[in-house]
Amino acid sequence: MVDVLGRRIAGRDRILASDRAFRQQADSPQMIVGTLDHSQGDVLVRGHMDSPMPEIDGKVLWRVGFDGARISRIEIIRPGDLMSAPLFAAQAEARAAIC
């Protein structure tokens, strides 16, 4: 999983743990899917994050790549002032390093 600034979360277990922590700390935002489009072997998912927190609420595009039937890559594209899962993970790691 990678965002537009190149921050990454790698590995299924790490991605799931980061997503759970993000949702718990961010008042359980919902991913609302607007459209799904197939493009060059990827799926483009347009939608928004529905959250009462302004740094999370807003439009998002997910580009999902596949290796056979398995997801191999998720790119998160949203404005730089809005939270992404990789940004959340990077901030959590930075806080843990300080403590």
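Just so you know, residue 1 is the first one in the sequence shown, and it goes up from there.
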- Message: Assigning hydrophobic clusters by single linkage (Ile, Leu, Val, Met, Phe, Trp, Tyr; side-chain heavy-atom cutoff under 4.5 Å), is Leu16 placed with Met1?
- Response: no

- Message: I'd like to know if Phe22 and Val2 are part of one continuous hydrophobic network [Ile/Leu/Val/Met/Phe/Trp/Tyr, side-chain heavy atoms within less than 4.5 Å].
- Response: no

Heavy-atom closest pair, residues [X] and [Y]:
X	Y	result
Ala89	Ser18	CB-OG, 3.8 Å
Trp62	Met49	CZ2-SD, 4.1 Å
Arg7	Ala90	CD-CB, 4.1 Å

With rounding to the nearest 0.5 Å, note down the distance linking [atom1] in [X] to [atom2] in [Y].
X	Y	atom1	atom2	result
Leu87	Ile9	CG	CD1	9.5 Å
Ile15	Arg20	CD1	CZ	12.0 Å
Arg63	Ile74	CZ	CD1	13.0 Å
Arg70	Arg12	CZ	CZ	8.0 Å

- Message: Checking Val45 against Leu61 for the side-chain contact (heavy atoms from CB on, under 4.5 Å) test, could you report, in this order, the C-alpha distance in whole Å, the side-chain angles of both residues, the deciding distance, and whether it holds?
- Response: CA-CA 6 Å; Val45 182; Leu61 173 71; 5.8 Å; no

- Is the number of heavy atoms from other residues, nucleotides or ligands under 6.0 Å of Arg73 CZ greater than 12? yes

Tell me which donor-acceptor pairs under 3.5 Å the side chains of residues 27-40 have, and how far apart each pair is, sequence neighbours excluded?
residue : atom : partner : partner atom : Å
Gln30   : NE2  : Ser28   : O            : 3.3
Asp37   : OD2  : Arg46   : NH1          : 2.4

